[in-house]
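We count ligands from 1, going down the list as the structure has it; atoms in each ligand are counted the same way. The first residue of the sequence shown is numbered 1, and numbering continues consecutively from there. Computation of the quantities below employed the complete heavy-atom set of this structure, encompassing side-chain atoms and omitting hydrogens, waters and symmetry-equivalent molecules.
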Amino acid sequence: MSTTPVIGVLALQGDVREHLIALAAADAVARPVRRPEELAEVDGLIVPGGESTTISKLAVLFGLMEPLRARVRDGLPVYGSCAGMIMLADKILDPRSGQETIGGIDMIVRRNAFGRQNESFEAKVDVTGIEGDAVEGLFIRAPWVESVGARAEVLAEYGGHIVAVRQGNALATSFHPELTGDHRVHGLFVDMVRATRTAAS
Ligand SMILES: NC(=O)CC[C@H](N)C(=O)O
């Protein structure tokens, strides 16, 4: 069995290309996922940053919402950045009307919590599980996590707010590491995918 995991990036809207590049830099085979058949073929999935209301609508429209929920429930490793974090939350504090999530992490997120587009900022964040210097993260209309349930582990806080969480095979960050050239969060995720494949083989 090949040791290089195949990781998809949900390619409905958002910064898909940057995640594909970061995954390739972290030694994974990366491919866009737009259809249920493509979702069925990957060992792990990234839900990119973008606009969670749009990603939610398109996932329903493309017939992907239920297959996504089913695969995540079955333990598919997933990583969501920013809007992707919102998509992996079991609950949104302030959803737009009709906004749905894939879920998978027992947490409540607040959208746009760090302010508007022109209040975007780059910051160093200490993330549990990532050795060395703090991770360079870009916060763009970023959510924060209001609260987590007992099964979710907080990996990082910034400014007194939770900004990275893991629950089993699901990982989420408020910030975009894919936009700063710091590929260590992707490295951590690729390791999670590898560990799942080893356990299954
Ligand atoms: N950079 C981002 O992904 C922004 C997320 C956006 N505020 C949302 O609600 O989806």
Sequence neighbours excluded, the answer for ring pair (Phe, Tyr, Trp, His ring centres under 6.0 Å) partners of F121 is F114, F139, Y158

Residues two or more places apart in sequence or in another chain: which of them pass ring pair (Phe, Tyr, Trp, His ring centres under 6.0 Å) with H186?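 With sequence neighbours excluded, H186 shows a ring pair (Phe, Tyr, Trp, His ring centres under 6.0 Å) to H19, Y79, given in chain and number order.
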
Min side-chain heavy-atom separation D27-R194 under 4.5 Å: yes

Do the non-hydrogen side-chain atoms of V109 and L93 ever get within less than 4.5 Å of each other? no

Thinking salt bridges, do R141 and E119 make one under a 4.0 Å N-O criterion? no

Pairs touching residues 55-70 that satisfy side chain to side chain donor-acceptor pair (under 3.5 Å), sequence neighbours left out: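 The answer is E66-R69, R69-E100.
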
Ligand-protein N/O pairs under 3.5 Å (ligand 1):
from     : atom 1 : to   : atom 2 : distance (Å)
ligand 1 : 1 (N)  : I140 : O      : 2.9
ligand 1 : 1 (N)  : H176 : NE2    : 2.9
ligand 1 : 3 (O)  : G50  : N      : 2.9
ligand 1 : 3 (O)  : G50  : O      : 3.1
ligand 1 : 3 (O)  : A83  : N      : 3.0
ligand 1 : 7 (N)  : N112 : OD1    : 2.5
ligand 1 : 7 (N)  : R141 : O      : 2.9
ligand 1 : 7 (N)  : R141 : NH1    : 3.4
ligand 1 : 9 (O)  : S52  : OG     : 3.2
ligand 1 : 9 (O)  : R111 : NE     : 2.9
ligand 1 : 9 (O)  : R111 : NH2    : 3.1
ligand 1 : 10 (O) : S52  : N      : 2.5
ligand 1 : 10 (O) : S52  : OG     : 2.8

